[in-house]
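It should be emphasised that the depicted structure is a prediction, and the values quoted were computed from it without experimental measurement. Throughout, numbering of the chain's residues begins at 1 and tracks the sequence. Side-chain atoms are counted along with the backbone in the values below, which use heavy atoms only and exclude waters and symmetry mates. Each ligand, and each atom within it, is numbered from 1 in the order the structure gives.
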Amino acid sequence: MTDYVARLEKLEHFLIGISFLVCVLIVIVFVYFSFRYKRKRDDEKLEESSHHNTILEFTWSFIPFVIFMGSFVWGWILYSDFRREAPRDSLEIHVYGQKWNWEFVYKNGRKTSNELFVPVKRSVKLIMTSRDVIHSFYIPTFKIKQDVLPGLYTSLWFKANRKGRFEVFCTEFCGTGHSTMGAKLKVMSLEDWNNWLKTDPYKNLSLVEVGQKVFQGRCTACHNSTKEKLIGPGLAGIYNTQRELEGGMTLLADENYLRESILNPSAKISKGYANQMTPFAGLLSEEELSGLIEYIKSLN
Ligand code: CUA
């Protein structure tokens with residue numbers, strides 16, 4: 001949660017409260033008038049009503065006007081606070097949206113996929129861009145969101161005031177895997193965060209385990225580790241088999257084929273699939289790439 005949320009909720013409660021009061025008032029008047037002005041006999045003449053009452057008409061126009069303008073100004077102050085520049089001492093983290101996962105890059109070079117780690121009670125500024133289409137970064141609990149565009153940086157900042165795990169969603173329709181494009185925000189103590197930042201995510205892992213880790217972070221939105229197809233082919237058992245490609249060609253799925261399909265997927269499209277994977281060229285270290293290939297080879 002953030003202080004911004006607490007302030008926003010006050011406005012929300014005010015709006016809900018005032019809407020409820022007005023609703024109750026209308027129902028009471030409605031019921032009362034139904035009886036008061038009910039026609040008792042078929043031939044009864046309607047009561048002559050007065051046509052104009054300046055004080056009454058002014059009152060029922062002016063009170064809602066004050067309420068509407070009040071909530072507008074209130075909301076405007078909140079919104080301009082939300083849009084204001086992040087504090088200078090904010091911790092900056094780069095965010096990349098990509099079909100269909102989120103990648104976070106910290107100042108020391110540490111990277112995470114679909115998990116954002118931040119310290120509690122510290123302003124965090126996200127510098128965001130997309131590697132393909134428009135995505136939108138949304139933290140529902142914090143009530144903040146911002147579109148993430150290719151070729152441009154947009155930013156978002158927040159200051160979490162308690163530790164915990166929170167959901168992140170993509171809220172801009174970005175294709176087949178949109179609904180699964182989420183991440184977890186983990187807010188931890190500054191000490192834990194500093195320690196975490198220094199850890200090597202691949203320490204003491206075998207190459208296959210490195211690959212599995214990369215796979216879970218980057219590939220599972222589109223690929224199963226079984227034979228079952230998702231958006232892309234299931235990866236189990238494809239190593240060392242003949243692959244049919246779009247266009248009728250067939251080739252052996254060896255290490256070079258796997259490497260090319262990760263780095264430059266549009267070069268060879270498997271038969272029956274659309275060309276929609278974003279290239280991973282430049283996004284994986286050689287260790288991660290080798291790990292991923294060994295992991296795919298280990299799947300049966
Ligand atoms: Cu990314 Cu929807």
Side-chain angles (χ1 to χ4, degrees), residues 2 4-5 8 79 82-83 86 91-106 110-118 124-158 160 164-187 201 212-225 228-235 261-266 269-270 272-284 288-289 292:
T2 61
Y4 174 69
V5 171
L8 202 61
Y79 187 71
F82 162 61
R83 294 304 317 182
L91 176 84
E92 294 178 327
I93 299 169
H94 284 259
V95 179
Y96 296 90
Q98 175 175 1
K99 291 189 286 184
W100 283 281
N101 54 62
W102 296 102
E103 189 183 27
F104 305 101
V105 182
Y106 306 80
R110 184 87 152 82
K111 293 178 186 175
T112 52
S113 295
N114 299 331
E115 278 183 311
L116 171 60
F117 294 84
V118 302
V124 175
K125 180 183 177 184
L126 304 177
I127 302 164
M128 313 191 289
T129 190
S130 166
R131 294 194 173 113
D132 37 48
V133 298
I134 299 177
H135 302 278
S136 187
F137 192 88
Y138 177 39
I139 311 175
T141 319
F142 292 3
K143 297 181 192 280
I144 51 171
K145 94 170 140 179
Q146 171 63 50
D147 276 7
V148 177
L149 314 166
L152 183 75
Y153 289 125
T154 52
S155 74
L156 197 59
W157 76 273
F158 60 88
R165 277 170 83 81
F166 306 95
E167 295 290 335
V168 175
F169 293 138
C170 176
T171 46
E172 179 72 46
F173 182 69
C174 53
T176 328
H178 161 69
S179 61
T180 57
M181 186 172 169
K184 294 267 185 286
L185 164 65
K186 188 157 188 226
V187 181
Q212 183 179 27
K213 214 163 177 174
V214 176
F215 181 83
Q216 279 159 355
R218 310 304 298 273
C219 314
T220 48
C222 304
H223 295 282
N224 269 320
S225 57
E228 203 183 329
K229 71 182 258 189
L230 208 55
I231 291 164
L235 298 180
S261 297
I262 296 165
L263 299 182
N264 181 20
S266 59
I269 301 296
S270 283
Y273 294 92
N275 176 12
Q276 58 176 340
M277 177 169 157
T278 302
F280 275 80
L283 304 184
L284 299 173
E288 290 171 320
L289 190 56
L292 208 45

Presence of N, O or S from His135 under 2.8 Å of atom 2 (Cu) of ligand 1: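 Within the cut-off used here (under 2.8 Å), His135 places no N, O or S atom near atom 2 (Cu) of ligand 1.
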Arg131/Glu103 salt bridge by N-O under 4.0 Å criterion: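 Result for this pair is yes, salt bridge flagged.
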Where atom 2 (Cu) of ligand 1 is the vertex, angle from His178 ND1 to Cys170 SG to 10°: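 If I round to 10°, I get 120°.
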Glu172, N/O/S atom nearest atom 2 (Cu) of ligand 1: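 Result for Glu172 and atom 2 (Cu) of ligand 1: O.
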Angular separation of SD (Met181) and SG (Cys174) seen from atom 1 (Cu) of ligand 1, to 10°: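 Rounding to the nearest 10 degrees gives 110°.
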Tyr106 (side chain) donor-acceptor with Phe117 (main chain) under 3.5 angstrom: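 Side chain of Tyr106 to backbone of Phe117, a donor-acceptor pair under 3.5 Å: yes, one is there.
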Parallel, tilted or perpendicular: ring planes of Phe137 versus Trp102, cut at 30 and 60 degrees: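 Answer is perpendicular, since the angle exceeds 60°.
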Ring centroid separation Tyr4 to Phe82 under 6.0 Å: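 Yes, the ring centres sit under 6.0 Å apart.
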